[in-house]
Amino acid sequence: MTKMITFDELRRIKNSLPEGSSHRIADELNIDVQTVRNYFGGNDYKTGENCGLHIEPGPEGGIVVLDDTKILDMAIAILQEETASKD
């Protein structure tokens, strides 16, 4: 399932994640941690892979089309866990 999000919003989600979240997502999805970083805007394709992220120029850093939302869904779930544990 594809999803459109602004690049700035994608980065806000990434920057809100607790330390170690990229490794947790990578471990749970059985992918390289650099692939997770690339998903959130990184560009190291020597060790990580392209993960279906397409950026079109525009406001708020541009529009990002995500081919697969698994990484984003996990990131949002981690943020929800964090919020719930603080309550």
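Atoms considered below: every heavy atom in the structure, side chains included; atoms not considered: hydrogens, waters and symmetry mates.
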Query - Interatomic spacing from CD1 in I78 to CG in D73 - rounded to 0.5 Å - result: 11.0 Å
Query - salt bridge (charged side-chain N to carboxylate O under 4.0 Å, His left out) involving R24 - partner list, sequence neighbours excluded - result: E28, E81
Requested in this report: Sequence neighbours left out, what passes salt bridge (charged side-chain N to carboxylate O under 4.0 Å, His left out) with K70? Give chain and number order.
Outcome: D68
Report summary line: Contacts of S16 meeting side chain to side chain donor-acceptor pair (under 3.5 Å) (sequence neighbours excluded), chain-then-number -> none
Query raised in the report: Within the side chain of S21, is there an N or O that forms a donor-acceptor pair under 3.5 Å with the backbone of L17?
Result: no
Within-4.5 Å side-chain heavy-atom neighbours: [X] and [Y]:
X: I71; Y: L66; result: no
X: D27; Y: V33; result: no
X: L72; Y: Y39; result: yes

Query raised in the report: What pair of heavy atoms forms the shortest contact from F40 to R11, and how long is it?
Result: O-NH1, 2.7 Å
Report task. I would like to know whether L29 and V36 meet side chain to side chain contact (heavy atoms under 4.5 Å, CB included); could you show each step before the answer? Result -> CA-CA 10 Å; L29 294 178; V36 176; 5.9 Å; no
If you look only at distance, which donor and acceptor atoms sit under 3.5 Å apart when one is on a side chain in residues 1-10 and the other is two or more places apart or in another chain?
from: T6; atom 1: OG1; to: E9; atom 2: N; distance (Å): 3.1
from: E9; atom 1: OE1; to: R12; atom 2: NE; distance (Å): 3.1
from: E9; atom 1: OE1; to: R12; atom 2: NH2; distance (Å): 3.1

